[in-house]
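Presented below is the structure to which this report refers.
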Amino acid sequence: MRWIFVGLVSVVVVAVAISAGVHWWQTPRDKAAIEEAIGSDHRYVEVDGRRMSVAVQGSGPRTVVLMPGLATPEPILGFAPLARRLAEQNTVVTVEPFGLGLSDGTDAPRTSEAIVDETRAALRELGLGGPYVLMPHSISGLYAMWWATHHPDEVAAVVGLDDERYTSDSAQNSPDWPSWMSGVNAAGGTRDLIALDKSTDYLGLVADYRESLGESAEYTPDQQDLYLRAYSWVLNPTVLDEMARGAENVRSAEGAVFPPTLPALSILAASSLEVEPEWEPSHHAAISNPAIQQVTIMDGHHYLFHAHAAAIADMTQQFLDEHVQTR
């Protein structure tokens, strides 16, 4: 029995070593492939001594800032079809906050204030002054609300993509992801799970992405593969801290409403309304001026900009032309 136990432990140790070795070898190659896929629109800026990955497209008079949802593995690739269309008439910046995509990690607490301040710093490094049109997806709705209420002179409008608001359910304690998850991630465990099943992730980690990307004709098979492979390093300590502070960031938005002079459009996914009863009412509760602040519902997935980039771009451009003056 002793030798069987030693043998099993040895097998596990060897398997983990091989997994970690493959992960450490493959990750920089995956990141290089993503950089190549993004092309010349991609660049890095320095924020608080770390590299932040951004993409800048177009040269229009309005600056649109695309803000990704929690643990989105590769925001620039994910937003690409929407950014490409918006860039026809605007300057479009896709920001990959620390911990996501090709950006470095950070040990700074992942509060709404910190994430907004880091994004503001990145835009300053790019030489892009406000006011900005913020386009937040999912949890970034909380950050956009923080931005609009604490730095209102920097925000020209907010166009949310199934973006989050305060709800009593999400204001409860966040799931306590164990710290060892980052170790599993660093050792290639997440990469192994993705590789084991190309159609369905065993833990449901990437099921949303598989479904929404699969519904769109906007992404080549190679782009979809790169997008999902980026999940191999996204469960890092930076993102796990953001997950742990989710309820704290929700509570910081309790009672917040848009300034009455700020145009705001929330494009909600019908699927989200089915699973979260407070989702639509919470967006209406944030309206202070119905003349320029609206909520609309689109039939689609939480990542609705994957399959509906053209419709969202047209809706956004019409809203901006009606309510936001150009510089």
Side-chain angles (χ1 to χ4, degrees), residues 18-19 21-44 53-58 66-88 92 94-97 99-103 135 137-138 161-162 185 188-236 239 269 271 298-314:
I18 292 173
S19 174
V22 170
H23 181 61
W24 294 341
W25 182 85
Q26 187 62 41
T27 295
R29 287 158 178 79
D30 287 344
K31 291 185 176 182
I34 290 171
E35 287 182 321
E36 183 177 354
I38 296 170
S40 59
D41 298 328
H42 179 249
R43 64 199 71 179
Y44 293 100
S53 169
V54 300
V56 182
Q57 297 165 263
L66 293 168
M67 305 167 65
L70 180 64
T72 298
E74 188 20 72
I76 293 175
L77 280 181
F79 277 129
L82 177 60
R84 184 171 59 250
R85 288 176 170 83
L86 291 172
E88 294 173 3
V92 180
T94 306
V95 178
E96 297 189 331
L100 298 184
L102 302 176
S103 290
M135 288 195 74
H137 171 241
S138 197
L161 305 171
D162 210 27
N185 192 72
T190 309
R191 182 183 293 277
D192 293 340
L193 286 171
I194 294 171
L196 278 173
D197 191 339
K198 288 290 186 180
S199 60
T200 305
D201 180 69
Y202 284 1
L203 296 182
L205 293 175
V206 297
D208 284 350
Y209 308 126
R210 293 188 193 281
E211 181 181 346
S212 60
L213 291 171
E215 291 175 353
S216 172
E218 300 279 351
Y219 305 90
T220 67
D222 286 343
Q223 288 172 329
Q224 292 189 41
D225 188 49
L226 284 173
Y227 185 91
L228 294 175
R229 271 192 273 164
Y231 208 100
S232 300
W233 58 84
V234 82
L235 291 181
N236 53 67
V239 172
S271 61
M298 179 176 287
D299 186 22
H301 191 271
H302 180 53
Y303 289 83
L304 44 80
F305 53 88
H306 286 168
H308 304 291
I312 291 172
D314 290 343

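Taking E96 as the reference, S53 meet the side chain to side chain donor-acceptor pair (under 3.5 Å) condition, with sequence neighbours excluded. Not a single side chain to side chain donor-acceptor pair (under 3.5 Å) links S271 to another residue, sequence neighbours left out. Scored by the side chain to side chain contact (heavy atoms under 4.5 Å, CB included) test, E35 finds H42, Y44, L102 as partners (sequence neighbours excluded). For A80, there are no side chain to side chain contact (heavy atoms under 4.5 Å, CB included) partners, not counting sequence neighbours. In this view, A313 and L82, R85, L86 satisfy the side chain to side chain contact (heavy atoms under 4.5 Å, CB included) rule, not counting sequence neighbours.
With rounding to the nearest 0.5 angstrom, the CD1 atom of I312 is 4.5 Å from the CG atom of L304. Taking CD1 from I38 and CD from Q223, the interatomic distance works out to 10.0 Å, rounded to the nearest 0.5 Å.
Between H302 and H137, the ring planes lie tilted relative to each other; the angle falls in the 30° to 60° range.
Residues H308 and Y303 place their aromatic rings such that the two centres sit no closer than 6.0 Å. Ring centroids of F305 and F79 are separated by less than 6.0 Å, placing the two rings close together.
Distance alone, capped at 3.5 Å, is enough to place a donor-acceptor pair between the E74 side chain and the I76 backbone. Side chain of W233 to main chain of G101: a donor-acceptor pair is present (N/O by atom type, distance under 3.5 Å, no hydrogens or angles). Side-chain N or O atoms of N236 include one that pairs as donor or acceptor with a backbone N or O of G99 at under 3.5 Å.
The shortest heavy-atom contact between Y231 and P73 is N-CB, 3.6 Å. Taking all atoms of both residues into account, the shortest heavy-atom contact from L226 to D30 is CD2-O, 4.2 Å. For the residue pair A269 and G300, the shortest heavy atom distance occurs at CB-O, 3.5 Å.
Applying the salt bridge (Lys or Arg N to Asp or Glu O under 4.0 Å) definition to pairs two or more places apart or across chains, those involving residues 75-84 are R84-E218.
Counting heavy atoms from C-beta outward, L100 and P68 have side chains that approach closer than 4.5 Å. Proximity of V54 to T94: side-chain heavy atoms (C-beta onward) are nowhere separated by under 4.5 Å. Between T72 and Y227 the shortest side-chain heavy-atom distance falls below 4.5 Å.
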| task | Determine, stepwise, if the pair V95 / L66 fulfils side-chain contact (heavy atoms from CB on, under 4.5 Å). | result | CA-CA 6 Å; V95 178; L66 293 168; over 6 Å; no

| task | Could you give me the CA-CA distance, side-chain angles and deciding distance for Q224 and L77, then say whether side-chain contact (heavy atoms from CB on, under 4.5 Å) is met? | result | CA-CA 9 Å; Q224 292 189 41; L77 280 181; over 6 Å; no

